[in-house]
Amino acid sequence: MRPETFVHPPLRPEPRLLAALVAALALASTPVLWADTEVDRTVEASAGASIEIENTAGSIRVRGWDSQQVQITGTIGDDVSELVVEGGRDRILIKVDTPDRRSWSRRDIDARLDIKVPRGSRLEIETVSASIDVEAFDGRLKAETVSGSIEVSGSLSEADLETVSGSIRVDGANTRVSAESVSGSVRLRGVSGRVEASTVSGSVDVQAGTIERGEIESVSGSVGLACGLARGARLDVGSHSGNVTVQLPADVSASFEASTFSGRIENDFGPQAERTSKWVPSRSLEFTTGGGDAEVSLETFSGSLRIVRR
């Protein structure tokens with residue numbers, strides 16, 4: 001007599017267990033999507049209010065308008081702690097509050113803000129890794145970012161702009177501008193009065209009206225300047241390892257000093273440069289046009305100098 005053989009029936013998971021397993025697998029295979037939050041807030045402000053804006057990452061876009069209000073729209077990342085808006089009509093703080101810096105790489109802290117402010121207010125913007133764009137603004141502006149570009153347009157009364165890694169662009173009839181980048185180009189258009197533009201690694205290009213005091217320089221890059229000079233103006237232009245080109249009106253009245261260690265000097269106003277030593281290739285040039293009402297100093301170490309008559 002043969003022994004009986006017992007065959008196990010196929011295993012069938014309970015329906016509830018099967019449903020839970022399918023859901024878990026689907027969740028594991030689905031990418032995590034951060035859900036940005038829409039923001040839309042409006043607060044009252046005086047025409048000359050002081051407005052401070054702080055953001056960590058993303059972008060800040062500011063537009064001047066004639067309303068005595070500050071309007072904030074845009075989106076903030078899922079892990080932004082809070083969008084802070086506080087203060088009164090004369091002083092307003094707008095701040096993107098973020099988590100501990102050690103957890104930035106694991107979080108969605110991006111904030112993209114569109115902000116409208118009274119056209120003649122005082123504006124201060126500070127970011128870490130965010131671009132800054134300001135348009136149609138006539139007041140005083142101070143903008144700083146570590147990693148991001150800065151673009152400004154309008155008839156600002158004063159602008160102080162700084163970025164470590166990014167370019168700076170300014171278009172408008174600004175009467176006092178200071179633009180400084182460590183690693184990026186600087187381009188200014190329509191500026192006048194007191195103009196300071198510098199970069200360590202990049203080019204500088206300035207198209208200006210009448211300058212009263214100018215300091216234009218690049219450590220590693222070319223420098224181009226076209227401007228007029230006020231009576232009593234002082235202009236210093238230089239580059240360590242780049243060419244320098246300065247364009248001035250044909251009737252400019254100024255005394256000039258120009259020097260280069262290992263480059264040429266070309267002068268459309270007449271006098272030509274001379275060697276300063278038979279042992280080194282350095283050249284220098286001194287001359288005066290008109291009554292010598294302004295002072296111009298041009299210098300480069302390993303580049304050429306061009307003084308162009310417009």
Side-chain angles (χ1 to χ4, degrees), residues 34 36 39 50-63 72 74-86 92-115 117 121-135 137 139-154 156 158-172 174 176-188 191 195-206 215-221 223 240:
W34 299 113
D36 288 346
V39 296
S50 177
I51 303 167
E52 300 177 31
I53 305 171
E54 298 180 13
N55 189 12
T56 300
S59 64
I60 293 177
R61 184 172 178 261
V62 179
R63 299 293 180 270
I72 308 138
T75 60
I76 59 175
D78 183 69
D79 279 313
V80 169
S81 299
E82 182 184 7
L83 177 64
V84 177
V85 181
E86 60 185 23
I92 299 170
L93 171 64
I94 303 167
K95 180 180 179 181
V96 178
D97 197 6
T98 60
D100 188 283
R101 294 190 179 192
R102 290 171 295 180
S103 60
W104 282 3
S105 61
R106 303 192 305 273
R107 292 179 177 268
D108 176 22
I109 60 169
D110 181 271
R112 301 183 179 276
L113 302 179
D114 288 287
I115 303 172
V117 302
S121 55
R122 299 180 60 171
L123 185 59
E124 186 170 339
I125 304 173
E126 184 176 344
T127 76
V128 178
S129 178
S131 61
I132 298 172
D133 184 1
V134 179
E135 283 188 12
F137 184 70
R140 297 173 63 182
L141 169 65
K142 182 177 182 181
E144 300 179 3
T145 180
V146 176
S147 176
S149 62
I150 301 175
E151 296 191 10
V152 178
S153 64
L156 280 71
E158 186 174 320
D160 289 291
L161 315 172
E162 294 184 19
T163 178
V164 175
S165 177
S167 61
I168 298 177
R169 301 285 185 271
V170 176
D171 289 282
N174 304 283
R176 182 191 175 279
V177 175
S178 175
E180 181 179 349
S181 174
V182 175
S183 177
S185 61
V186 175
R187 192 197 74 173
L188 311 181
V191 298
V195 180
E196 301 174 8
S198 65
T199 181
V200 175
S201 177
S203 62
V204 178
D205 184 11
V206 179
E215 298 179 15
I216 318 294
E217 63 179 342
S218 173
V219 175
S220 177
V223 175
H240 184 270

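Residue numbers run from 1 in the order of the sequence given. Heavy atoms only: backbone and side chains are in, while hydrogens, waters and symmetry mates are out.
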Full working for salt bridge (charged side-chain N to carboxylate O under 4.0 Å, His left out) between Glu158 and Arg176: CA-CA 5 Å; Glu158 186 174 320; Arg176 182 191 175 279; 3.8 Å; yes
Can you measure from [atom1] ([X]) to [atom2] ([Y]) and round to the nearest 0.5 angstrom?
| X | Y | atom1 | atom2 | answer |
| --- | --- | --- | --- | --- |
| Ile125 | Ile115 | CD1 | CD1 | 7.5 Å |
| Glu151 | Arg169 | CD | CZ | 7.0 Å |
| Ile94 | Ile53 | CD1 | CD1 | 4.5 Å |
| Thr145 | Glu162 | OG1 | CD | 11.0 Å |

State which residue, out of [options], fulfils the side-chain contact (heavy atoms from CB on, under 4.5 Å) condition with [X].
| X | options | result |
| --- | --- | --- |
| Val182 | Val164, Val146, Val219 | Val164 |
| Val62 | Val152, Asp114, Ile132, Val134 | Val134 |
| Ser185 | Ser218, Ser201, Ser203 | Ser203 |

Smallest separation among heavy atoms of [X] and [Y], with atom names:
| X | Y | result |
| --- | --- | --- |
| Glu54 | Leu93 | OE2-CD1, 4.2 Å |
| Ser198 | Val186 | O-CG2, 3.7 Å |
| Gly58 | Asp110 | CA-OD2, 3.2 Å |
| Phe137 | Leu123 | CZ-CB, 3.7 Å |
| Leu156 | Ala159 | CD2-CB, 3.9 Å |

Residues Arg61 and Ser131: side-chain donor-acceptor under 3.5 angstrom: no
Expected output: side-chain Ser149 to main-chain Ser167 donor-acceptor under 3.5 Å: no
Under 3.5 Å: donor-acceptor pair, side chain of Ser181, backbone of Thr199: no
So, do [X] and [Y] sit near enough that their side-chain heavy atoms are less than 4.5 Å apart?
| X | Y | result |
| --- | --- | --- |
| Val96 | Leu113 | yes |
| Leu161 | Leu141 | yes |
| Ile72 | Leu83 | yes |

Pair Asp171 + Arg187, salt bridge at N-O below 4.0 Å: yes
Salt bridge (Lys or Arg N to Asp or Glu O under 4.0 Å) contacts touching residues 121-133 (sequence neighbours left out): Arg63-Asp133
All side chain to side chain contact (heavy atoms under 4.5 Å, CB included) counterparts of Ala130, not counting sequence neighbours: Asn55, Thr127
